[in-house]
Amino acid sequence: MASVTLENVSRMYGAVTAVDHVNLKIKSGEFVTLLGPSGCGKTTTLRMVAGLEKNTGGRISIGDNVVSDADKGYFVPSERRRLGMVFQSYAIWPHMTVFDNVAYPLRIRRRPDQEIRDRVMNALRLVEMEQYADRPSPALSGGQQQRVAIARALVFEPEVLLLDEPLSNLDARLRTQMGDDFRALQQRLKITALYVTHDQAEAMALSDRVVVMHGGRILQVGAPEEIYRRPENRQVAAFFGTPNLLDAKVKECRPNGGTHYKLEVEGQGWSGECHAATEMPKGTDVTVMLRPENLHLRQSGEANGGLSWAGEVSQAIFRGSHRSVMVKTEAQTLHVEASSLENVDIGRPVTVAAPAEAAWAVRA
Amino acid sequence: MTIIPNRSLDDIAETTPALGGNAISRAFSGGSLGRWIGLLLLILLLGFLTIYPLAMLLYGSLHSTPPGMAGEFNLNGYRSIMTTQNLIVLANTVGISLAKTIPSLTIAVFLAWIVARTDTPFRGTLEVLITLPFFIPPILTAMAWGMLANPQVGVINMLWRGMTGAQEPLVNIYSYGGVIWHMCQYSIPFLFLFMVDAFRAMDPSLEESSRMCGASRLMTFRKITLLLMLPVLTSSFMLSFIKGIETFESALFFGLPAGIKVITTDIYESINHRATPDYQYATSLSFAILGLMLLLVVWQWALLRGKSFQTVTGKGFRPNVMELGPWRWVTFAVCVLFFLISVVLPVGQLLLGSFFRFFGFYTYDMLTLEHYKAVFNNSEFWRAMGNTMLLGLLGATATMVLGAVVAYISIRTRWRGRSLIDGMAWLPWMMPGMVLGVGFLWAFAMLPGPLPIYGTIWALLLAYIALGTPVAVRVMTGAYHQLSYDLEECSRVHGASWFQTMWRIMVALAWPAFAVGWVLTFFGIMRELSASILLYSVGSETLAVVLMKLWANGNAEQVSVIGLMMMLLVIVFRWVQLKFIKARLSKL
């Protein structure tokens, strides 16, 4: 398995910049996800690694080999980069059987028949499709096609596996199951994988590291938990779920002993402690992020440390696993994820409380 | 590169250099010299097939003498076509084309509706029968109708006189009506093919919602169905009109004897029927008709721009079929009647004509097989048969390969120069066969000595390829549009070179369309008369040319025999096509 390195990689379409100076190093055996809304450049980045698009700037290396260097005009075509790829549409060739589809990369490389048979059946066994080997491929369901596409991408043990939204055409239940299966497979085989998706839940569940992209740039790179809990800016914070974002001003800032800083902030009608990644001078405008699942409803007036807001319930929606409660406070309406067992009456005065660890501040 | 110690991976590492070792494939995939040479060759070939004859046409129209003779440049050609007589020719051309398009379109819409949207019995078979005339060379039915509706000895008129005792003939094929009648027989199946899938593919919920809003069936048909079909109808109308202006056979057989001239026959006459061929007149007139065609094509674009076809391109709908009750036998009869008139009558006449000693004398003692013997002993017939087969096989293959390459470059790549290629391949679309024939006549005559194409079978081959290319490109474009880019890219990523991807993925997936186009081109070559008659010489006659010569000598009996042979070929090919190639022709 090989690492993948992108140095200052850019892609222009005429005057439009689709990918803007992206720097990224994917370690051998690592599962990295490019995450972002549609049009953020994630698919273009993947296709440049695949060699299906030429980067107009920068350098891409796979392992120790440079595969594309825009400045030197050097470009290795797709077929000589030794990659495996799963397409969003799966791209299962309709004129071949399942076996022929999976055997294709080996036949192209003129492997002996016996070896082809063994390796294809091995690959099909990995995705639990060996009993479908002789099926004509149009006769497969979406989930089965997806498995075949993965088997085909793995069959010649590629340097790197590229996946372009492979789960997006499956229904919700199958998507979760295929995702879990795929993650287990990736960890067992220790494949370097570059994965593109717009689904944050998928990205967090599968990846070692997530790359959040927007407008052709990388906003933040980090482990899923890191990105979810400690976003570097408001855009990344807002991209995951529907957090409460409150405006506040820094009153005091001091090191926390570790890598973070502890802030004392004041907002409209509330004040308290929260954390931040960088030092911020007194008076700085910040946005404080609070995840709905970290907020709790208390009896009115009841608060014990941490942050708290007084308000009244304006809306409550039962969602099965939890109850979405909107609480109107002096600062703004807060979204609280309460237990579905909790009975909430509209108009009831309550106190919303949160531990200081749950509040994360970024520059506004 | 971190390589996990692994046997099979090392093996692949060893084979990799061999994979990338193919210099040609690297040149193509990398995008460099090789591609440019390939593109340049393609542009040269297309230029020779389309631009060169066009340029020679222009040269001819401005030059006072035929190719190879000393002469001067002048505008006499254009001056000579500016006559009142030619105004009548122009009016005839446009008028006849309009007069055949309107009834043809009406009947074709009716037939398409019957086949696609009603519960008329045996619709599948009816569809095959209705479209059959499209595949019969027009020269065959023209000759058959010449025998059927000849005012003196035509079967129809003889029966009419016998039944009523009248002296006057019932019908005379040598008239405006005759020309239009014969053209309609080709327009109707052509338009039917063009429209029937649109009728079939229309989303029934669009009509159902109109019914739910309280509109009656008839109202729904008028306000919804017909209006949704309007873009298809408009393009059908324009296509049929343009084709009508290009037609040669109907006007040649039924117009000329009655003194009715259209532009194509006038060009033909000025070369073949004058004491000294007036090439300058012919080429000038050819250029004039090109101008007319250009106007029509521009008009067609303007009409169709921005019209959405999306409502009728849906897939997988089950069209709601109208239940006609007892009326379904009436619609059935209408379809059968069309088949009887357009196929059974002319073919029956050919059969009849082939077994009697003299055409027009149908008595028991005149029965004979001598015409069959004569034809089978005629070396010219066998040579023409061989030529037609050779030209058909070679021509259809070459045309489709060219079309496949052009279509691929113009829609699947972003290479510079692709629109030039596409445009050049499209040019013959607005050149009637007669005009292209004149252009090639000059083009081949002007070629330098070492390229002796003039008067050989290769001259015909090149003209056929040029004439067939626009359709070939369209067929292949349609096929490529249905293949997602992923299928191709997936192959590249998994190690296949450009050529390997072409062969294993694109060719493998597009071959049904290729086969459909091939058969279509083959039929096109078999029926081609207007360019052939200008470009053939002794030894390179095609079947259509031999028929033409025999007909001119008044040998209607042998014409019938050869006609039947061609008919047999048509039926065999059509059967093979329907049997083995499932893709639909009407995708065009």
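We name chains A, B, ... by the order of the sequence lines, and we start the count at 1 in each one.
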Undergrad: Taking side chain as C-beta onward, heavy atoms only, is Ile108(A) less than 4.5 Å from Gln500(B)?
TA: yes
Undergrad: What heavy-atom pair brings Pro77(A) and Arg492(B) nearest, and what distance separates the two atoms?
TA: CB-NH2, 4.1 Å
Undergrad: Counting N and O atoms only, with roles assigned by atom type, does the side chain of His494(B) sit under 3.5 Å from a partner on the main chain of Met85(A), one being a donor and the other an acceptor?
TA: yes
Undergrad: Go through Gly51(A), Ala149(A), Ala50(A), Ser89(A) and name the one with the most non-hydrogen pairs under 4.5 angstrom from chain B.
TA: Ser89(A)
Undergrad: Among Ser61(A), Gly29(A), Pro94(A), which residue forms the greatest number of heavy-atom pairs with chain B at distances under 4.5 Å?
TA: Pro94(A)
Undergrad: Just jot down the ring-ring contact (aromatic ring centres under 6.0 Å, His included) partners of Phe99(A), sequence neighbours excluded, or say none.
TA: none
Undergrad: Give me the atom names and distance for the closest heavy-atom approach of Tyr104(A) to Ser491(B).
TA: OH-OG, 2.6 Å
Undergrad: Let me know if Ala153(A) has heavy atoms under 4.5 Å from chain B in its side chain, its backbone, both or neither.
TA: both
Undergrad: What residues of residues 502-510 of chain B make heavy-atom contacts with chain A at a cutoff under 4.5 angstrom?
TA: Arg504(B), Ile505(B), Ala508(B), Leu509(B)
Undergrad: First locate atom CZ of Phe87(A), then atom CG of Leu487(B), and finally report the distance between them rounded to the nearest 0.5 Å.
TA: 9.0 Å
Undergrad: Scan for salt bridge (Lys or Arg N to Asp or Glu O under 4.0 Å) pairs involving residues 32-48 of chain A, sequence neighbours excluded, and state none if there are none.
TA: Lys42(A)-Glu165(A), Arg47(A)-Glu53(A), Arg47(A)-Glu489(B)
Undergrad: Run Arg152(A) and Cys490(B) through side chain to side chain contact (heavy atoms under 4.5 Å, CB included) and show every step you take.
TA: CA-CA 10 Å; Arg152(A) 180 177 61 189; Cys490(B) 188; 2.9 Å; yes
Undergrad: Only pairs of heavy atoms separated by less than 4.5 Å count here; which of Leu52(A), Leu83(A), Val86(A) has the most with chain B?
TA: Leu52(A)
Undergrad: Quick check on Ile92(A) against chain B: is it the side chain, the backbone, both or neither that has a heavy atom closer than 4.5 Å?
TA: backbone
Undergrad: Provide the full list of salt bridge (Lys or Arg N to Asp or Glu O under 4.0 Å) pairs with a residue in residues 476-485 of chain B, sequence neighbours left out, each pair given once.
TA: none
